[in-house]
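Values below: all heavy atoms of this structure, side chains included; hydrogens, waters and symmetry mates excluded.
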Amino acid sequence: MAFAKVISGGNISTFVIDSASVTATADNNVLGTSATLYGVYISNASEQIVYVKLWNHAGPTVGTTAPDEQYPCPASGTRMYTIAEGTAYGVGISMACVQEGGTAGTTSPSAAVKVRLLVS
């Protein structure tokens, strides 16, 4: 998966990690280092609710490794989650997007799911 790392220099975050299509295949350590997460933006073009799952792990197994956080987004919807105090990811941030919540689930969305992470 291709990611864009943009230096934001804003008050909330230092970087924006941007992916045009997150799937059930884990994108491992997307920043390449430890980070603090301050926001998650999701734009779901599929016809099902999706769950963006995040791990403080360098190589989680989607469907087996319990996510540290998960963020739902309704069908054909957009959501923005703000984490005021930030969540520390000491190992790094890995992510995937599936149609099932919880630990289980390996079904990719039926259409593109765009994700932006606000991190420092």
Next item on the list: Enter the distance from Ser94:OG to Asn29:CG here, rounded to the nearest 0.5 Å.
Entry: 5.5 Å
Next item on the list: For side chain to side chain contact (heavy atoms under 4.5 Å, CB included), just list the numbers for Leu37 and Tyr89, CA-CA rounded to whole Å, side-chain angles, deciding distance to a tenth of an Å, and then say yes or no.
Entry: CA-CA 7 Å; Leu37 177 70; Tyr89 283 77; 3.9 Å; yes
Check: With distance as the sole test, does Gln70 use its side chain to make a donor-acceptor pair with the main-chain N or O of Gly102 at under 3.5 Å?
Finding: yes
Notebook entry, point to check: Are any non-hydrogen side-chain atoms of Arg79 and Pro72 less than 4.5 angstrom apart?
Noted result: no
Next item on the list: Using the side chain to side chain contact (heavy atoms under 4.5 Å, CB included) rule, pick out the option among Val30, Ile17, Val22, Val50 that qualifies with Val115.
Entry: Val22
Note to self: Looking at every heavy atom in both Ala24 and Thr107, which two are closest together, and how far apart are they?
What the structure shows: CB-C, 4.1 Å
Checklist line | Nearest-0.5 Å distance that lies between atom OH in Tyr51 and atom CD in Glu100 | finding: 9.0 Å
Check: When rounded to the nearest 0.5 angstrom, what is the spacing between OG1 in Thr82 and OH in Tyr38?
Finding: 12.5 Å
Margin query: With heavy-atom distances below 4.5 Å as the criterion, would you say the side chains of Val113 and Ser19 are in contact?
Written below: no
Check: Leu54 versus Tyr71: any side-chain heavy-atom pair under 4.5 Å?
Finding: yes
Next item on the list: Evaluate the side-chain proximity of Ile93 to Leu31: yes if any heavy-atom separation is below 4.5 Å, no if none is.
Entry: no
Next item on the list: Could you check if a side-chain atom of Met95 sits within less than 4.5 angstrom of a side-chain atom of Leu117, using non-hydrogen atoms only?
Entry: yes
Check: What's the shortest heavy-atom distance between Ala112 and Ala20, and which atoms?
Finding: CB-O, 4.0 Å
Margin query: Give me the atom names and distance for the closest heavy-atom approach of Ala58 to Val91.
Written below: N-CG1, 3.7 Å
Checklist line | Closest contact, heavy atoms only, Cys73 versus Ile42 | finding: CB-CG2, 3.6 Å
Item checked: Trace of the side chain to side chain contact (heavy atoms under 4.5 Å, CB included) decision for Ser21 with Lys114 -> CA-CA 5 Å; Ser21 185; Lys114 181 176 186 144; over 6 Å; no
Note to self: Let me confirm one number: the CG-SG distance from Asn44 to Cys97, rounded to the nearest 0.5 Å.
What the structure shows: 6.5 Å
Check: Val98 and Val62: side chain to side chain contact (heavy atoms under 4.5 Å, CB included), yes or no, with the steps?
Finding: CA-CA 9 Å; Val98 296; Val62 178; 4.0 Å; yes
Check: What is the distance from atom CD of Gln99 to atom OG of Ser46, rounded to the nearest 0.5 Å?
Finding: 6.5 Å
Next item on the list: Answer with yes or no whether the side chains of Glu47 and Ser76 bring together a donor and an acceptor at under 3.5 Å.
Entry: no
Notebook entry, point to check: Between Thr78 and Ser43, what is the shortest heavy-atom contact and its length?
Noted result: OG1-OG, 3.9 Å
Note to self: Could you tell me if Glu69 and Thr87 have a donor-acceptor pair between their side chains, going purely by distance under 3.5 Å?
What the structure shows: yes
Next item on the list: With side chain to side chain contact (heavy atoms under 4.5 Å, CB included) as the test, would you mind laying out the steps for Leu118 and Met80 before giving the verdict?
Entry: CA-CA 11 Å; Leu118 303 175; Met80 177 65 190; 3.6 Å; yes
